[in-house]
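Below: one structure, written as structure tokens.
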Amino acid sequence: MSNNPLSGSQDTNNNVIETSTNRTTVDPTNTTIEESPTATLGNINTSTLELSDIIIRACSNCGEPAQYLCKACGQSGPRYCSSKCQSEDWTKGHSATCSKATRAGQINEEGGEEEIAIVRKPNSKVHGRGNVAQIINKRKTNERGNPIFPSTATEPSFTNQRPLSTNQFDDDQVDEFKFYMQQIYKIIKPVVLCILLSVLWVKISILAPNFRPQHPTQQIIDTSEDASESAQIFNSFLTAAVIIGNIIVVTIIIVCLFKYGFIKILIGFFMVVVLLLLGFMGYLLMMAILQVFQIPMDYVTLSFALWNFAAVGLISVFWKGPLLLQQTYLTIMSSLMAFSLTNLSSWTTWILLALLAIWDLIAVLCPFGPLRILVESSRNDKREIPALLYSVNAVWLMASPGLSNKFRKSLSSVSSFQATSGEEIPLSENIRYNRGEGGVSDEGGINCDGTDENSQIPRRQSSSLQPQSQPPNNVSYDDEEDERSGLKLGLGDFVFYSVLVAQAALFDWITTVACIVAVLTGLNTTIFLLAIYKKALPALPISIAFGMLFYFVARNTLVPYAQSLGLSLIAV
Amino acid sequence: MTILTFLGCALTAFGPSLALFFLTVAKDAQLVILMISSAFFWLISILLASSIWFISKSDATENPITILYSVLLQELFRWFFYKIISRAENGLILASANPTSPYNIPTFAFVSGLGFGFVNGLVMYINPLIISIGPGVIMCKSCPTLTLFFTGAITTCLSILLHTTWMILAFEGYRYPKRNYYYIIWVLLSHLGSSYATMFSQSDIKSGCVIGFSINIVLLIISIVASVRTLKKKNL
């Protein structure tokens with residue numbers, strides 16, 4: 001199968017694809033790093049760059065045909081043919097006129113980037129998906145031996161400007177820092193929303209016990225409270241092991257499917273899973289809400305509403321739709337998924353979470369881990385991993401093995417285009433955080449008491465935060481680069497954060513608050529580590545570790561402490 | 001009545017701090033992250049304090065001792081948090097919205113104090129708040145016409161604001177070049193004073209809760225004036 005993004009049949013940006021195809025043959029010199037024959041994002045980006053840059057400019061220093069430009073000045077700045085000419089021109093006087101040097105603060109630069117990025121937006125292809133939860137650092141891409149950046153190697157030639165160049169270097173890091181912080185904030189909001197929704201569903205379902213979701217393994221393995229303590233723990237462990245076994249199996253199947261290119265099967269599968277998730281779990285939830293709040297409703301209205309809810313969700317996630325709607329649906333789906341897992345006994349849940357954290361570590365960091373293989377193969381083949389990802393700017397359905405939502409370029413390009421119109425952050429237009437939809441298959445499993453492997457694998461697929469692979473080192477900010485840059489958080493991460501907090505919510509509100517803070521701090525820490533190491537990182541372990549620690553300590557000590565002080569009205 | 005009590009108490013307790021949050025912090029990503037980190041540190045401190053409480057199996061008669069070590073642990077973690085912020089200061093300032101402004105560190109202090117106070121209020125007050133939705137009430141012992149929920153709400157509101165000002169003063173006091181011990185001592189003593197003053201609310205003294213609230217309000221006013229004066233000094 002040709003995973004060549006250019007040949008995507010469902011792509012609606014055929015014109016751009018063809019253009020880029022033409023481009024790749026014409027312009028070999030402009031693709032700096034990525035030169036693989038498969039049409040990569042780099043080629044397309046370069047081609048789109050070429051489209052807007054048809055006039056061949058002369059180097060400001062030597063007069064040769066020039067293809068690079070000053071990063072700070074952007075389109076309006078001088079052109080250079082090589083970094084040597086750029087350094088020379090810098091000393092000759094560009095240092096005084098460079099917009100980066102003359103700007104107060106970083107506004108110009110961001111404005112420039114924004115300008116450039118926006119110009120490129122309409123041509124942007126959907127490639128940016130990249131891997132599950134990857135952050136691409138735009139700055140970093142440019143820093144890697146990029147001729148457009150006035151390198152510090154030329155420092156000796158302008159000693160009086162040394163502070164300037166070091167400031168510029170710091171400015172890049174500072175911008176990178178700001179970029180990551182914006183990303184974190186943009187991710188925290190849906191994570192908190194998903195967590196709060198899950199807590200809400202759990203609280204509602206406690207009051208309506210006959211509509212609680214049943215997990216298939218619960219019918220096989222008895223983890224009820226009747227059994228003795230040790231038998232209970234053993235059964236919980238068994239249940240958790242079964243679930244994680246499912247997840248591992250589905251993850252491996254997904255990786256194999258992805259490597260051998262059966263993307264369409266995955267997409268179809270994901271669609272079925274999402275439909276079942278929205279349909280059945282939505283049904284259970286609605287019945288629980290109707291019962292708890294004693295709302296009179298007839299079945300006709302209920303089925304009509306449910307059908308519309310599921311259909312709109314399917315369309316907005318898999319096809320086109322407003323970005324806000326896509327994001328809302330992904331949040332709701334993650335919370336439904338987490339809700340479906342809350343009926344496990346508490347021991348099972350905690351053991352499952354601990355095993356998941358360990359599995360996530362192994363799968364993403366070890367060389368033989370399936371998720372790492374997935375990331376690397378998608379990077380090598382320039383294919384995108386199909387997965388359900390929550391993106392800040394565009395919803396990307398990545399083809400992840402096991403996840404039924406395949407990303408389509410047309411989808412992402414449309415959504416990314418729509419996304420950018422509302423995006424206020426100049427740097428991170430393509431920050432996408434993907435929320436892998438782990439629970440999708442669970443839904444299917446619960447309802448048909450069939451395999452629940454599907455849901456688990458998608459979840460697993462997307463539970464890693466990864467820095468996006470560097471796109472080909474293009475001269476300016478490509479759309480591709482823009483689209484690849486961004487935080488990607490798998491939907492599975494959302495689901496398991498919500499599972500953790502929902503389980504804490506079953507005990508007390510204080511543990512809920514403590515676990516929310518712990519999970520958010522874990523997420524912050526993971527993203528900062530991501531900023532430092534710039535490689536794919538698992539998003540679950542740190543948050544789960546903090547969350548479990550806080551839960552168990554708070555449950556035993558903080559809750560009675562707060563109760564005792566609260567009754568005495570003492571504020572500590 | 002029950003939902004009304006819930007809404008009234010919730011807004012009394014968290015209204016001013018939520019207003020501060022939405023007006024100043026919510027737009028800036030860096031400040032939100034700082035707030036979450038400071039909440040995390042407060043949680044660690046209170047978990048330690050509650051572990052000590054749990055191990056020593058204290059009951060209500062030992063409240064003064066409980067207050068003592070809880071406050072000391074919280075101040076210790078305030079100092080830890082200051083150390084971490086001061087290490088990361090340069091990066092934080094560079095990445096802030098206004099790198100050249102002299103008010104960056106007080107802003108960080110303000111936001112961290114808000115984080116400390118907010119999670120303090122949430123953890124201590126959320127259980128009575130949720131209970132207030134239900135049908136029962138518990139009356140305050142020293143002011144029998146007020147419910148426990150309402151006095152708790154006022155205490156929470158004051159303590160969140162106090163934490164905010166304490167953090168500003170503490171950051172000012174811990175600053176390396178000229179460590180200002182007056183501020184540090186003031187923060188410690190006023191924290192102890194404020195916590196001990198809340199003991200009045202459930203005591204047998206008539207209208208004890210009024211005494212407790214007035215002490216807290218006086219401490220709050222003095223701390224606010226002191227923090228504003230430290231801000232004025234920055235505007236050199």
Side-chain angles (χ1 to χ4, degrees), chain A residues 104-106 167 170-171 173-189 192 203 424-425 508-525 527-528 546 549-550 552-554 556-572, chain B residues 28-30 32-33 36-37 39-40 42-44 46-47 49-55 58-60 63 66-67 70-71 74 91 94-96 98-100 119-130 138 140-141 148 151-152 155-156 158-159 194-196 198-202 209 212 216:
Chain A
Q106 291 126 2
N167 270 348
D170 285 343
D171 281 341
Q173 284 181 332
V174 163
D175 286 337
E176 181 180 327
F177 202 50
K178 282 193 181 184
F179 172 83
Y180 281 125
M181 286 198 299
Q182 297 285 359
Q183 293 314 291
I184 294 179
Y185 193 32
K186 286 183 160 298
I187 281 202
I188 281 181
K189 289 192 219 172
V192 168
K203 294 280 181 189
E424 76 270 27
I425 297 180
D508 193 79
W509 284 96
I510 293 183
T511 49
T512 314
V513 170
C515 286
I516 290 181
V517 173
V519 161
L520 287 181
T521 311
L523 188 60
N524 286 348
T525 315
I527 296 184
F528 274 119
F546 281 160
L549 177 68
F550 274 30
F552 283 110
V553 178
N556 293 317
T557 66
L558 187 57
V559 173
Y561 172 82
Q563 196 171 13
S564 148
L565 285 187
L567 279 177
S568 316
L569 275 181
I570 294 183
V572 173
Chain B
D28 194 336
Q30 182 188 30
V32 171
I33 297 173
I36 297 178
S37 317
F40 182 70
W42 184 87
L43 265 181
I44 300 182
I46 206 68
L47 284 176
S50 62
S51 311
I52 299 178
W53 178 89
F54 184 72
I55 294 174
S58 313
D59 55 0
N63 272 337
T66 308
I67 293 181
S70 307
V71 168
Q74 285 183 45
L94 276 178
S96 68
N98 252 338
T100 52
V119 73
N120 186 347
L122 266 182
V123 164
M124 292 300 179
Y125 188 59
I126 196 161
N127 265 333
L129 194 60
I130 302 292
I138 311 174
C140 175
K141 206 158 46 155
L148 200 81
T151 45
T155 311
T156 308
L158 291 174
S159 89
S194 147
S195 291
Y196 282 123
T198 58
M199 275 177 69
F200 277 117
S201 305
Q202 279 288 66
C209 58
N216 272 332

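Each chain gets a letter, A, B and so on, in the order the sequences are listed, and its residues count up from 1.
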With a 4.5 angstrom heavy-atom cut-off, is it the side chain or the backbone of [X] that approaches chain A, or both, or neither?
{"X": "Ile36(B)", "answer": "both"}
{"X": "Cys140(B)", "answer": "side chain"}
{"X": "Ile130(B)", "answer": "side chain"}
{"X": "Val123(B)", "answer": "both"}

Q | side-chain contact (heavy atoms from CB on, under 4.5 Å) against Leu549(A), all qualifying residues, sequence neighbours excluded | A | Val553(A)

Q: Kindly indicate, with the supporting measurements, whether the criterion side-chain contact (heavy atoms from CB on, under 4.5 Å) is fulfilled by Met124(B) and Thr156(B).
A: CA-CA 8 Å; Met124(B) 292 300 179; Thr156(B) 308; over 6 Å; no

(Q) Tell me whether Gln30(B) contacts the main-chain N or O of Met181(A) through its side chain, where contact means a donor paired with an acceptor under 3.5 Å. (A) no

Q. Residues two or more places apart in sequence or in another chain: which of them pass ring-ring contact (aromatic ring centres under 6.0 Å, His included) with Phe40(B)?
A. Phe546(A), Phe550(A)

Q) Between Val192(A) and Leu520(A), what is the shortest heavy-atom contact and its length? A) CG2-CD1, 3.7 Å

Q: Provide the closest heavy-atom pair for Asn556(A) versus Phe552(A) in the form atom of the first, atom of the second, distance.
A: ND2-O, 3.0 Å

What residue, out of [options], has the most heavy-atom pairs lying under 4.5 Å from chain A?
{"options": "Trp53(B), Tyr125(B), Phe200(B), Phe54(B)", "result": "Trp53(B)"}
{"options": "Ile46(B), Ile55(B), Val119(B)", "result": "Ile46(B)"}
{"options": "Val32(B), Leu148(B), Leu122(B), Ile33(B)", "result": "Ile33(B)"}

(Q) Among Ala562(A), Gly566(A), Pro560(A), Ala554(A), which residue has the highest count of heavy-atom pairs closer than 4.5 Å to chain B? (A) Pro560(A)

Q: Under 4.5 Å, counting heavy-atom pairs only, tell me which of Leu558(A), Val513(A), Val559(A) racks up the most with chain B.
A: Leu558(A)

Q. Of the options Leu569(A), Ile570(A), Leu565(A), which is the one that meets Thr198(B) in a side-chain contact (heavy atoms from CB on, under 4.5 Å)?
A. Ile570(A)

